[in-house]
Amino acid sequence: MTWDGSASDAARIGAGTVEPVAAPAPRRPRIGLALGGGSARGWSHIGALEVLEEAGLHPDVVTGCSIGAVVGGCYAAGQLGLLKAFALSLTKRRVVGLLDLRLGSGLIAGARLRRRLERDLADRRIEALPVRFASVATCLGTGAEIWLTRGNLVDALRASYALPGVFPPVRLGDRLLMDGTLVNPVPVTLARALGADVVVCINLNGDPRPDGGPVILDPVAPAAEVFVAPPRRRRRPWTLLRSKPPHPRSPPSGAPSPGLARVMLDAFNITQDKISRARLAGDPPDATIAPRLAEMGLFEFHRAAEGIALGREAAQAALPAIRATVASAAARV
C-alpha cells in the first residue's frame, strides 16, 4: 500500500479508506537494430525485421550500412512492404535493366536506382522519420567514418551503398562519400550513440567459413600443366557482376584469371568480413542474428525470396536470446 502523503490522502485515511497510488510504469528499454552490409544478401534483413515485428519487438533506433541502410531506411519510413514487393519482383533481366553501365568512377552510374528510391521515398528527411535512423558512409580521401543522421534520406542511402568501383561516390556538402562497409559494416556503435539500451545486429557475414589463419605455401612451383581454354564468348552484363564462378569446379591452374568484376567483389567481400569481425569484437552487440548466406552471391538480387526466408529463419532462432536480453535490460532501466 502506497500513498503520496498529501492532505487528500490524510483525509481518506481518516475516513477509513486508503486508495493506493499507482507506481510509475517502468521504462521500456530502447531497442536498437544494426543492419549490416552485404549487397544482395541484404534482402534477408526484410525477413528478420518481419519476425521481430511479429514478436512485438519494435526497434526504436535503426542504423544501417550499404544494403542495410536501404532496408533500414525503408523500414524507418514505413515502406518495408513496398521494398519487399520490389525485391520479390526482381529477375535477372530486371536487375540488368536497373544497371546503367558506364565507364567512369564506377561501373554503374546509379541514376536508375536513384530514381526508383526517389519515387518510393519522395523527399523524406531523416530527422522527420517516425523511427530514429542513421546510415554509415566513408569519406573518400580521408577514410573517415561518416554518420548520416540528418538530411535527405535518399542521399544518405546512396552514399552508404556507393560500392567503390561499382557506383560512383556521392557528394554531400564538401565531401565525397562511398560505401560505409569500408569502415563499419555492422554499425553497432552508431546504434548505441543514438540512445539504444539493447542493440541487436544482423550480420550478413556471420555464416561460418573456414579461416585457419595464414597458410605458408611451398615456394617450389608445381609441374607445369597444359590447359586449353575454350573459345571466348561475348559476356552479358549480368555475368560481369557474378560474384562467384559459374561452375562449382575450380579450373585447372593454367585457366585464365577471373574477370575484374569478380576479383573486385570477392576482394571487397573478404575485406568486409575481416572488418566486421574486428569491429564486432571491439563493440559486441547484445544479440546477433546471423543468416546462413554463404551460398548466396553478392549480386544475386533475383534471389530475394530465398534471402528473405533465410532472414526469417535466423531471426526465429535468435528470438529466445533477444527476448532474454531485452528482459534483462528492462530490469536495469
Side-chain angles (χ1 to χ4, degrees), residues 33-54 59 62 64-100 108 110 112-121 135 153-154 157-158 160-163 166-167 179 181 185-186 201-207 236-244 246 261 265 268-269 272 289-318:
L33 190 63
L35 306 181
S39 298
R41 297 170 181 172
W43 294 143
S44 63
H45 288 318
I46 297 174
L49 272 165
E50 289 178 338
V51 169
L52 294 178
E53 285 284 311
E54 293 163 5
V62 177
C65 183
S66 197
I67 185 66
V70 174
V71 177
C74 288
Y75 172 81
Q79 298 293 346
L80 187 65
L82 194 63
L83 179 65
K84 179 180 179 181
F86 166 72
L88 292 174
S89 73
L90 292 177
T91 61
K92 287 185 179 182
R93 187 180 185 88
R94 290 200 66 184
V95 171
V96 173
L98 288 169
L99 306 181
D100 40 359
I108 302 169
R112 296 173 187 171
L113 290 174
R114 185 189 70 241
R115 287 195 295 269
R116 176 74 196 209
L117 287 171
E118 288 173 343
R119 188 187 79 182
D120 293 342
L121 299 176
S135 65
L153 176 60
V154 172
L157 303 187
R158 290 178 54 234
S160 190
Y161 71 64
L163 185 67
V166 177
F167 292 102
D179 201 305
T181 54
V186 190
C201 86
I202 304 180
N203 183 9
L204 304 182
N205 292 284
D207 197 358
R236 297 181 180 180
W238 173 257
T239 62
L240 291 173
L241 296 173
R242 194 191 303 271
S243 62
K244 59 184 180 182
L265 289 171
F268 193 82
N269 190 36
Q272 178 178 315
I289 298 173
R292 314 258 328 179
L293 298 165
E295 296 303 315
M296 188 169 182
L298 292 177
F299 266 80
E300 293 182 328
F301 288 97
H302 61 288
R303 296 175 62 183
E306 297 173 59
I308 292 171
L310 290 170
R312 290 189 64 90
E313 177 183 321
Q316 289 283 5

(request) Only counting residues at least two apart or in another chain, list the ones meeting side-chain contact (heavy atoms from CB on, under 4.5 Å) with S44. (result)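 Partners of S44 by the side-chain contact (heavy atoms from CB on, under 4.5 Å) criterion, ordered by chain and then number, come out as L204, P291, L293.
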
(request) Name all residues meeting the side-chain contact (heavy atoms from CB on, under 4.5 Å) criterion together with A318; count only those two or more places apart in sequence or in a different chain, and write none if there are none. (result)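 Scan of A318 (side-chain contact (heavy atoms from CB on, under 4.5 Å), adjacent residues dropped) gives I289, I322.
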
Rounded to the nearest 0.5 Å, what separation is found between the [atom1] atom of [X] and the [atom2] atom of [Y]?
X	Y	atom1	atom2	value
D120	L153	CG	CG	11.0 Å
L83	L49	CG	CG	10.0 Å
F299	R41	CZ	CZ	12.0 Å
L88	H302	CG	NE2	13.0 Å
R116	L121	CZ	CG	10.0 Å
Y75	L33	OH	CG	8.0 Å

(message) Just so I know, are the side chains of F86 and L90 near enough to count as touching, which here means a heavy-atom distance under 4.5 Å?
(response)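 Yes. Closest side-chain heavy atoms under 4.5 Å.
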
(message) Do V95 and K92 have side chains that approach each other closer than 4.5 Å (heavy atoms only, starting at C-beta)?
(response)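 When only atoms from C-beta onward are counted, K92 and V95 do not touch, as no gap falls below 4.5 Å.
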
(request) Show the numbers, then the answer: is there a side chain to side chain contact (heavy atoms under 4.5 Å, CB included) between E295 and E306? (result) CA-CA 11 Å; E295 296 303 315; E306 297 173 59; over 6 Å; no

(message) Suppose we screen for salt bridge (charged side-chain N to carboxylate O under 4.0 Å, His left out). Which residues come up paired with E53, at least two apart in sequence or across chains?
(response)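 Partners of E53 under the salt bridge (charged side-chain N to carboxylate O under 4.0 Å, His left out) test: none.
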
(message) Among residues at least two apart in sequence or on other chains, which ones pass salt bridge (charged side-chain N to carboxylate O under 4.0 Å, His left out) with E313?
(response)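 Listed in chain order: nothing, the list is empty.
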
(request) Determine which pairs satisfy salt bridge (charged side-chain N to carboxylate O under 4.0 Å, His left out) with at least one residue from residues 77-91, sequence neighbours left out, and list them in order. (result)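 Qualifying pairs, neighbours excluded: E50-K84.
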
Which heavy atom of [X] sits nearest to which heavy atom of [Y], and what is that distance?
X	Y	result
Y161	V70	CD2-CG2, 3.6 Å
G73	L157	CA-CD2, 4.3 Å
A48	I202	CB-CD1, 3.5 Å
R303	G297	NH1-N, 4.2 Å
A304	A87	CB-O, 3.3 Å

(request) Output yes when a side-chain donor or acceptor of S160 lies under 3.5 Å from a complementary backbone atom of S66, and no otherwise. (result)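 Checked: pair present.
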
